[in-house]
Amino acid sequence: MATRRQFIKAGLVGGTCLFIPAGSASARAWPGIPSRVLDPTHVDKYVTELAVPPVMPWAERDEAGRVDHYTIGVRQLRQQILPAGMPATTVWGYGSTRHPGSFSYPACTVEATFGRAIRVTWVNELIDRHGNHLPHLLPVDPTLHWANPQGGISRRDTRPAFTSTPGPYTGPVPIVTHLHGGHNTQESDGYPEAWYLPRASDIAGGYARTGSFYEQFRNIFENQFDVTWAPGTAIFQYANQERAATSWFHDHALGVTRLNVYAGLAGFYLLRGGPADLPDGVLPGPAPKLGDPPGKHYYEIPVVIQDRSFSTDGSLFYPASRASFDHFTGPYIPGSDISPIWNPEFFGNTMVTNGRTWPALSVEPRRYRLRFLNGCNARFLILKIVTDPMAPRPADPVLPFWQIGSEGGFLPAPVQRDQLLTAPAERADVVVDFTSIPVGTDLYLINEGPDEPFRGGRAGTDFRPAAPGTTGQVMKFTVARPLATPDRTVPPAHLTLPPFEPLGPASHTRQVSLQEQNSAVLRGVGPRVVMLGTVDRHGNPTPMGWGDPITENPALGATEIWEIHNSTTDAHPIHIHEVQFQVVDRQSTGHRARPPEPGESGFKDTVIAYPHAITRVKATFDRAGQYVWHCHMLEHEDNEMMRPYRVGPR
Ligand SMILES: [Cu+2]
């Protein structure tokens with residue numbers, strides 16, 4: 001049985017590429033991919049204006065305590081993601097429970113201010129109007145090591161055993177929200193086993209309503225802040241003492257993160273102010289504020305790019321069978337060790353930006369600050385600005401990105417880049433200067449990353465770029481009107497960014513590893529799981545799963561170098577919670593170490609670990625407690641490519 005990757009290779013070698021993006025028109029003959037998948041070439045491009053997420057309304061402000069309180073629910077809603085005239089899509093979105101109109105995908109942006117804490121009551125409202133639970137919108141594979149609520153208290157957060165191959169789980173859905181990029185205490189981090197079900201009236205008695213860590217974290221939080229976590233909720237507090245940065249919040253429940261995020265659970269969290277920000281007026285603005293009139297023009301815009309597939313009825317499409325990935329039709333668990341539904345990676349056939357397919361943005365001939373987030377499950381993006389969206393790849397860029405920030409805030413200095421490589425969860429804060437572009441000009445943001453896992457290298461030389469007619473396009477900029485007001489922002493080449501203090505020397509170097517595991521019982525079927533692990537004294541990787549004992553245990557306050565040894569054939573975006581690290585270097589097998597790439601000069605929380613290479617990052621672990629580090633390809637994260645780690649004593 002050849003894996004999909006072997007199909008790709010065979011196709012390229014044979015001169016006829018067999019690879020077809022899942023869900024494309026010609027994929028209809030594939031087992032497991034129903035004919036009802038919407039052909040992305042039937043979706044008109046650039047007919048919808050880019051949505052700019054409004055600001056999330058707060059619930060209460062405590063001026064004396066310098067704490068802003070939010071109550072943010074998760075609800076199911078219908079939203080027009082495809083162009084008007086096509087069907088609406090049922091998604092999940094966050095919103096302020098006191099402002100029903102605020103629920104959306106992606107979420108409204110949480111605007112945070114340095115030194116002013118935010119306390120969020122996160123409410124699982126995945127219930128229908130009768131108070132019964134809503135099943136997942138997408139097929140949940142119950143054979144992973146996952147939250148497993150129906151296992152009850154004794155078997156929650158395990159990989160359950162089955163006597164026959166199960167169908168998808170249709171019970172109440174666990175959620176827990178992680179602030180990605182935040183620097184907070186363990187009970188507020190959104191630990192994958194701190195999930196909770198909605199407070200639904202039809203949950204059977206044997207179900208666990210919360211994950212293994214929920215109660216412990218609830219007790220810590222309630223004692224510290226003298227508040228109560230009501231059933232179906234968790235209260236997290238964000239201190240906002242970090243450097244000003246582009247963070248985001250998204251779901252992180254064990255083994256269903258790929259589905260909860262794909263369903264829509266993601267939003268921006270922008271921290272401003274403090275010593276690591278710039279004064280107003282230096283960079284392009286304004287960004288959205290509470291109470292803005294409709295139609296206001298923004299010169300600072302967060303942009304989340306995600307690949308999705310749709311069914312012809314407008315619903316989100318996500319594979320319901322392993323066969324969608326590699327034609328493997330069974331036997332599945334328990335007849336083998338291959339999960340029946342989980343796909344090792346998923347690539348959508350349609351590009352969605354800020355919740356709309358292929359939108360357009362009317363701009364003035366001035367500078368814009370765009371905060372890019374790769375919000376895809378598995379897709380690496382290589383972004384360029386070009387004049388012809390169908391230009392042969394690799395296309396010639398016509399306008400550079402001036403990158404000023406990454407995950408941990410501003411870089412030491414701006415970097416001019418012709419293209420932006422971003423892995424899932426990476427952020428790139430950039431200035432794009434349309435000043436010299438004549439009114440009436442159309443420019444296009446294209447994607448030259450591959451329609452398959454990224455392995456490094458160059459588009460057109462080392463891999464086939466995304467299909468130019470579909471996933472190879474992202475959005476359009478039209479210089480549509482003259483300047484409304486003069487642009488007094490500082491040209492990016494002349495920008496002085498806030499002071500940057502690098503981390504001190506490391507006291508410890510730790511070796512960790514990434515590996516893929518094929519079936520142990522079926523020849524040539526794989527991957528079965530993707531794993532992290534350690535490295536033994538002979539340099540061999542030792543795979544470790546989510547359930548194995550903690551092996552990464554930095555002392556409180558220690559600065560460590562983590563050497564990430566990737567023995568797989570793919571690049572993986574590795575995210576370490578709770579810290580912002582610096583990239584030290586990378587070293588391919590048999591080569592000298594090479595310095596960080598452009599755009600990696602600042603603090604980051606997610607780094608690309610290239611295949612057959614060691615990626616070194618340095619971090620200071622200054623918050624005690626239990627957190628996680630993991631691959632941010634969400635299909636990997638959900639099936640063992642995540643490990644708990646602990647700072648300080650156990
Ligand atoms: Cu991975």
Side-chain angles (χ1 to χ4, degrees), residues 3-5 8 22 141 144-146 178 180 192 250-252 254-262 306-307 318-319 322 325-326 339 342-348 374-381 407 421-426 449-457 463 511-518 526-535 541-546 548 552 562-577 581 583 586 604-615 617 628-645:
T3 65
R4 165 171 283 190
R5 291 176 202 165
I8 297 165
D141 192 323
L144 306 186
H145 186 159
W146 78 294
H178 169 55
H180 185 133
H250 63 79
D251 194 73
H252 216 305
L254 187 67
V256 284
T257 295
R258 70 194 182 291
L259 305 173
N260 289 358
V261 172
Y262 192 88
Q306 299 177 299
D307 57 339
Y318 191 89
R322 166 74 186 211
F325 175 75
D326 59 3
S339 290
W342 177 76
N343 276 219
E345 294 100 18
F346 176 66
F347 289 82
N374 179 337
C376 299
N377 276 26
R379 178 184 290 275
F380 286 58
L381 301 167
E407 293 93 88
L421 165 65
T422 65
E426 283 189 309
D451 283 324
E452 57 168 318
F454 181 66
R455 299 182 180 88
F463 58 86
Q511 296 174 316
V512 297
S513 60
L514 321 180
Q515 56 257 298
E516 254 181 36
Q517 305 260 308
N518 288 337
R528 170 178 69 86
V529 293
V530 200
M531 298 180 86
L532 303 173
T534 54
V535 177
T542 305
M544 314 277 278
W546 172 249
D548 287 317
E552 286 71 57
W562 286 24
E563 291 189 354
I564 306 165
H565 295 236
N566 180 358
S567 59
T568 77
T569 56
D570 299 327
H572 300 262
I574 299 301
H575 172 40
I576 308 175
H577 281 217
F581 50 71
V583 180
R586 291 187 179 84
K604 291 176 62 60
D605 59 35
T606 306
V607 68
I608 299 175
Y610 286 96
H612 307 300
I614 298 169
T615 300
V617 300
V628 297
W629 66 284
H630 62 89
C631 177
H632 222 286
M633 291 167 81
L634 300 182
E635 286 78 16
H636 293 184
E637 166 182 350
D638 273 349
N639 197 2
E640 300 291 1
M641 207 169 197
M642 177 162 70
R643 292 276 294 147
Y645 84 94

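Just so we're clear, the structure is a prediction, and the values are computed from it rather than from any experiment. Counting starts at 1 for both ligands and their atoms, following the listed order. In what follows, residues are counted from 1 in the order of the sequence shown.
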>> Using ring centroids (six-membered ring only for Trp), state whether His636 and His630 fall under 6.0 Å.
In response: no
> Considering the options His252, His575, His632, Arg258, which one meets the side chain to side chain donor-acceptor pair (under 3.5 Å) requirement together with Glu637?
Replying inline: His252
> List-wise, which protein N, O or S atoms are found short of 2.8 Å from the Cu ion (ligand 1)?
Replying inline: His572 ND1, Cys631 SG, His636 ND1
> In terms of the angle between their ring planes, are His577 and His180 parallel, tilted or perpendicular, with boundaries placed at 30° and 60°?
Replying inline: tilted
>> Once rounded to the nearest 0.5 Å, what's the spacing between atom CZ of Phe454 and atom CG of Leu381?
In response: 10.5 Å
> Do Trp562 and Tyr645 have ring centres separated by under 6.0 Å?
Replying inline: yes
> With sequence neighbours left out, what residues match Trp342 under side chain to side chain donor-acceptor pair (under 3.5 Å)?
Replying inline: none
